[in-house]
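Right, one structure below, let's go through it.
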Amino acid sequence: MEQPGEKVRGLGKAAAQPVSHNSSKPLEEVLQSLEEKIRDKTAIIGVVGLGYIGLPLALAFSEVGFRTLGFDVQQKRVDLVNQGKSYIPDVPSDRLSAVLANGDLEATVDQDRLGEVDAICICVPTPLTKTKEPDLSYVIHESEEISKHLQLGQLVVVESTTYPGTTREVVLPILERSGLKTGSDFYLAFSPERIDPGSKKYNIRNTPKIIGGIDPQSTKLAGLLYSEVAEVVVPVSCPEVAEMTKVFENVFRNVNIALVNELAQLCERMGISVWEVIDAAATKPFGYMPFYPGPGVGGHCIPLDPYYLASKAREYDFHTRFIELAAEVNEQMPYYVASRIMEALNTQGKSLNGAKILVLGVAYKKDVADVRVSPSLKLIQLLQERGANVMYNDPYIPKIQLYQDTLTSVDLTQECLSSADCAVIATDHSCYDLKQIIAQSKLVFDTRGATRGLKGDNLIRLGE
Ligand SMILES: NC(=O)c1ccc[n+]([C@@H]2O[C@H](COP(=O)([O-])OP(=O)(O)OC[C@H]3O[C@@H](n4cnc5c(N)ncnc54)[C@H](O)[C@@H]3O)[C@@H](O)[C@H]2O)c1
């Protein structure tokens, strides 16, 4: 009788006939076989980096019937995946357990097993350095690992967000150190991940997937593979177009958020509600889409990706002025919000120095458990620097680390709300009972427009 886990271990065994460097098969046959393996789902898919992007992707491939091998450098994450315990909110543990039980998913830290798979999707981080330059060290390190194990006929797809040129100028030369050549021996493409974490509406399946291969055959094969998990695949002419498309999408958001943040400040001076203006403008059925002001931008993408493009642009003696300006406006927002809170306290005859402030929501956006680059953290730091005694509540984030301090989320009780001099809605999680917050707080400062439609003498909104 089959023992639990046996099928999973079988993933490696079944994959033990990879096309190898020394394969005596003619190349034509190898290429043909990859296409057939994708079509009949016997191809084995490797997903490298099991984070917010890689784990949902690995789940998607395994749910449609591909045997999938997930790689991560964190043993803890690998163990959790193999136990069917998800650490990413968009990946329910029961769905993970189901594909594990079928033997369709396995996670490993063993990069030697890269040789077992037919296609490799790279989903490793692309952060910034302290001086806000692109940090491609994860992509470079992983390309070096893949190069050591690269097989004739393998398909490699870069998903990590990066500047145009990375796939051709950085990844390709490292992979070719293997002795194999793209165009004849292996396939290479860039296909940006575009999922919106926490979204109930959009996911891998219903978000069109852009594919830019290094050659037409790479585009075709990557397109074939992703059409198994995405309803619409959008082939483009080369990796650079795909890379630029992804960065452009995030620059577009960053610039428009900056524009509306600036408008919010003007509206305050003019005594107009920016929220009412946005709602009214959004009734126009063409030529406008709403963006909303807030305490700044956060997450792994919007505040980072524009710098990837700005940095690359300088190589061409080009300064991306919109990107710089948007960054300036958005990075100023936590400072602006801190000064507005100070003014709001003044109206009650209180000073920020010594005040007890309750920050509601530290995730970078509503209904997610991701605190990376969250403007709430900057806001807390600024309030503390100005002498405030800050506590926070976030139902998704039990603890945060701020320099030397660890803060623990407080329970949102009546006592907690009424004891604070000001409750600041920094992230508008859907579960917050706004009426209760307004009723039980001395002062509420809403940075997200979450309380639109509600009234209270103690309620102040950004942008009004
Ligand atoms: N999070 C998002 O909303 C989002 C959206 C679109 C695109 N992206 C892009 O996707 C990429 C991944 O982002 P993420 O949010 O999933 O990051 P993440 O930090 O959540 O996950 C990355 C994972 O890669 C692992 N890792 C690092 N180096 C590795 C290596 N050499 N081999 C194997 N595993 C390795 C890490 O341990 C981690 O588990 C980034 O380029 C990001 O910009 C992210």
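By convention here, the first residue in the shown sequence is residue 1. In listed order, ligands and their atoms are each counted from 1. What you see is a predicted model, and the numbers here were worked out from it, not measured in a lab.
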My understanding is that only residues two or more places apart in sequence, or in another chain, count here; which of them pass side-chain contact (heavy atoms from CB on, under 4.5 Å) with Val91?
Leu55, Pro56, Leu59, Ser86, Ile88, Leu96

Val251: which residues meet the side-chain contact (heavy atoms from CB on, under 4.5 Å) condition with it, sequence neighbours left out?
Val247, Val255, Pro306, Leu309, Ile323

Using a 4.0 Å cut-off on heavy atoms, what residues surround ligand 1? Order them by chain and number.
Val48, Gly49, Leu50, Gly51, Tyr52, Ile53, Phe71, Asp72, Val73, Gln74, Arg77, Gln111, Cys123, Val124, Pro125, Thr126, Tyr138, His141, Glu142, Ser160, Thr161, Glu193, Ile195, Pro197, Lys246, His300, Cys301, Arg372

By side-chain hydrogen bond (donor to acceptor under 3.5 Å, both in side chains), which residues pair with Tyr432, not counting sequence neighbours?
Asn393

Ring centers of Tyr52, Tyr87 separated by less than 6.0 Å:
no

In terms of side-chain geometry, is the basic nitrogen of Glu169 or Lys312 positioned less than 4.0 Å from the acidic oxygen of its partner?
yes

Do Phe252 and Phe322 have ring centres separated by under 6.0 Å?
no

